[in-house]
Amino acid sequence: MTKPIDEGLGHHGDAEVAPGLIDLAVNVRREPMPAWLADPITASLSTLAAYPDATAATAAVAARHRRDPAEVLLTAGAAEAFVLLAQAFRAARRPVVVHPQFTEPEAALRNAGHTVERVLLREQDGFRLDPALVPPEADLVFVGNPTNPTSVLHPAATLAALTRPGRTVVVDEAFSDTTHNPQTYDREPQSLAQRRDLAGLVVLRSLTKTWGLAGLRIGYALAAPAVIERLRQHQPLWAVSTPALAAAAACASERAVAAERAIAAELAGRRRHLTDGLAGVPGVTVAGDPASAFVAVRLAGADKVRLELRERGYAVRRGDTFPGLGADWLRIAVRDTATSDAFLATLSDVLKERL
Ligand SMILES: Cc1ncc(COP(=O)(O)O)c(C=O)c1O
């Protein structure tokens, strides 16, 4: 029997945005599209009479991650992959979702009839994962890295320690391309995308965030060929459109990956600027050690503060719909430093007036 899902699990940052508001709620980068990405998408429009053929884009994505094309399934965003996994692994006996995290994996599991067990990470632990928290019998585990909304980046070794024969571990790397370490500038510091040695590992990737393609819908799953084949059997025919395939191929190029690394490095500076600013606002605590395009903050009465920020022109993401957070939490997107400064001034004003 299908279980009805919690109202809150279906809430996403886009619902917070309205005309006239400065959007700090949605974690999609909004910059002009580079020509190397816009041109192939535009060119693909002249071929729309033909059904999509994913062969070339699949090969390009496989090459990017040094994998075989049989280990790649292109999807209509990472969101489609959650649904495919929930359906393909219907026989899972003990599915576990590590929270707080993006709510769609749990929603997809519940919609497919699974009874979901939650592992809740705690603020006092910096929302870091201890693999021992996951029950040994869990045979399907979902974890985000870096995690939305906490922005915490788990070490690759911690996630690798979750894998074992008989268990499928799904690591949602939708935001891995936003992570940066100056010592390993050229690669995402904790990504498992290239790891073929870990039993049952499924890595999900999204191209909608950094490349501002949320409306195009493009992402992919990386896993052993047998798992990819199982997911494919549940995917509707032609699920990924020709323009989305053109984007996938373009974003897999060396040029795109180099651009991603540069964007992640710039983002790290902007994030530091925001977190330094937040540290100076009395009553505000930044969660963990943020590593992505957003930060989670705790402040008393955040649910009311969010409404006051809206009155003053800022949309931020409510935290109460994330399992493991609550009414005292907000998620704030990292933007350019001028936008962050203006937001910080407004937040300080709102909080002063509440004293
Ligand atoms: C952590 C996380 N994973 C996956 C997704 C879904 O991304 P996509 O647009 O690729 O479906 C989102 C979207 O917000 C997300 O925050």
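Quick caveat, the model's predicted, so the values are computed rather than measured. Both counts, for ligands and for their atoms, begin at 1 and track the order of listing. All values below were derived from every heavy atom in this structure, side-chain atoms included, with hydrogens, water molecules and symmetry-related copies excluded.
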Within 6.0 angstrom of R354 CZ, more than 12 heavy atoms from elsewhere = yes
Tell me which protein heavy atom sits closest to atom 1 (C) of ligand 1, plus the residue, atom name and distance to 0.1 Å.
-> D172 OD2, 3.2 Å
Among protein heavy atoms, which sits nearest to atom 16 (O) of ligand 1, and what does the distance come to when rounded to 0.1 Å?
-> N148 ND2, 2.7 Å
What are the atoms of ligand 1, with element, lying closer than 4.0 Å to any heavy atom of G77?
-> 8 (P), 10 (O), 11 (O)
Give the atoms of ligand 1, by number and element, whose distance to some non-hydrogen atom of A174 is under 4.0 Å.
-> 2 (C), 3 (N), 4 (C)
For R270, enumerate each residue passing the salt bridge (charged side-chain N to carboxylate O under 4.0 Å, His left out) test, keeping only those at least two apart in sequence or located in another chain.
-> E266
Check A79 against ligand 1 and report side chain, backbone, both or neither, counting heavy atoms closer than 4.0 Å.
-> both
R167: what forms a salt bridge (charged side-chain N to carboxylate O under 4.0 Å, His left out) with it, not counting sequence neighbours?
-> none
Chi angles and distances behind the side chain to side chain contact (heavy atoms under 4.5 Å, CB included) call for D303, D320 = CA-CA 8 Å; D303 48 349; D320 59 337; 5.6 Å; no
In the protein, what heavy atom is nearest to atom 14 (O) of ligand 1, and what distance, to one decimal place, separates them?
-> K209 NZ, 2.8 Å
Specify the closest pair of heavy atoms between R110 and R118, including all atoms of both residues, with the distance to one decimal.
-> NH1-NH2, 3.6 Å
re atom 5 (C) of ligand 1, the protein heavy-atom contact at minimum distance is F102 CE2, 3.3 Å
So, is I218 polar-close to ligand 1, with some N/O to N/O distance under 3.5 Å?
-> no
Aromatic rings F102 and F82: how do their planes relate, parallel, tilted or perpendicular, breaks at 30° and 60°?
-> tilted
Above 12 or not: heavy atoms from other molecules or residues under 6.0 Å from CZ of R128?
-> no
Can you get from W238 to L84 by hopping between Ile, Leu, Val, Met, Phe, Trp and Tyr side chains that sit under 4.5 Å apart?
-> no
Going by the order shown, which atoms of ligand 1 are within less than 4.0 Å of some heavy atom of T208?
-> 8 (P), 9 (O), 10 (O)
Which residue holds the protein heavy atom closest to atom 11 (O) of ligand 1, what is that atom called, and what is the gap in Å?
-> R217 NH2, 2.6 Å
Considering distance alone, does some N or O of L207 sit under 3.5 Å from an N or O of ligand 1?
-> no
